[in-house]
Amino acid sequence: EDQVTQSPEALRLQEGESSSLNCSYTVSGLRGLFWYRQDPGKGPEFLFTLYSAGEEKEKERLKATLTKKESFLHITAPKPEDSATYLCAVHRNYGQNFVFGPGTRLSVLP
Amino acid sequence: KAGVTQTPRYLIKTRGQQVTLSCSPISGHRSVSWYQQTPGQGLQFLFEYFSETQRNKGNFPGRFSGRQFSNSRSEMNVSTLELGDSALYLCASSLRKGELNTEAFFGQGTRLTVV
């Protein structure tokens, strides 16, 4: 069965303390992996798309990487405004197009 | 460029009533998907519409339905509301290239509370 898991469930960092979030997937026919950021009460905001193993994308303090089984979202020197829930989703080439993971709730303390 | 617009933002309904939510996608996007988000279940896929046709459907009862109009705007309807239908309903639009979608862009959601 296709599955997307994320770890940790919640993460607390001090401002400037770098870390990584993990997204593991077991999906046949993967067409892409997406990262989103979601603030409370709002819709998810698109961050990155990764299509093939070895691919990397960067945006400000965020860097996403992809292997054949998982993706990492690296956060370098985070700031309090980076606090949010980070969601990953896989895009399959059949059936339900996007399957979302449960998310990692990130808190960055000043 | 305008984003995805969902209306209304908030709704309070009584058990047994029905509700209709609206979504206007990004201009040029013809694929619209609907999701239900709850604290316990996360983001759950409801259905996807493309060119006024339902292309994919998630595991929700028949009380949940939708449609898409010729201008790509979409509506979803929930009949005979239950307390468990209280959730944030999100609409996402994307470009479709053949059978594949590009990244999805989400609206702000409609917060439905069933009392």
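The figures here come from the full heavy-atom set of this structure, side chains too, leaving out hydrogens, waters and symmetry mates. A quick note: this is a predicted structure, and the numbers were derived from the prediction, not measured. Letters A, B, ... are given to chains in the order of the sequence lines, protein chains preceding strands, and every chain is numbered from 1.
- In the displayed structure, Lys57(A) atom NZ is contacted under 6.0 Å by more than 12 heavy atoms of other residues, nucleotides or ligands.
- Taking CG of Leu87(A) as the reference point, atom CD of Gln37(B) lies at 7.0 Å (rounded to 0.5 Å).
- Among Gly109(B), Gly42(B), Ala104(B), the residue making the largest number of heavy-atom pairs under 4.5 Å with chain A is Ala104(B).
- There is no contact between Glu45(A) and chain B, counting heavy-atom distances below 4.5 Å.
- Screening Phe98(A), Phe46(A), Trp35(A) for a side-chain contact (heavy atoms from CB on, under 4.5 Å) involving Glu103(B) leaves a single residue, Phe46(A).
- The local environment of CZ in Arg12(A) is sparse, with at most 12 non-hydrogen atoms from other residues, nucleotides or ligands closer than 6.0 Å.
- Contacts between Pro44(A) and chain B at a heavy-atom distance below 4.5 Å involve backbone atoms as well as side-chain atoms.
- Crowding of Arg105(A) atom CZ: a count of heavy atoms from other residues, nucleotides or ligands under 6.0 Å not exceeding 12.
- For Tyr36(A), the part sitting under 4.5 Å from any heavy atom of chain B is the side chain, from C-beta outward, and nothing else.
- Within a 6.0 Å sphere centred on CG of Leu109(A), heavy atoms belonging to other residues, nucleotides or ligands number more than 12.
- Of the atoms belonging to Leu90(B), it is side-chain heavy atoms, and not backbone ones, that fall under 4.5 Å from chain A.
- Surrounding CZ of Arg61(A) are more than 12 heavy atoms belonging to other residues, nucleotides or ligands, all under 6.0 Å away.
- The number of heavy atoms from other shown groups lying within 6.0 Å of CD (Glu9(A)) does not exceed 12.
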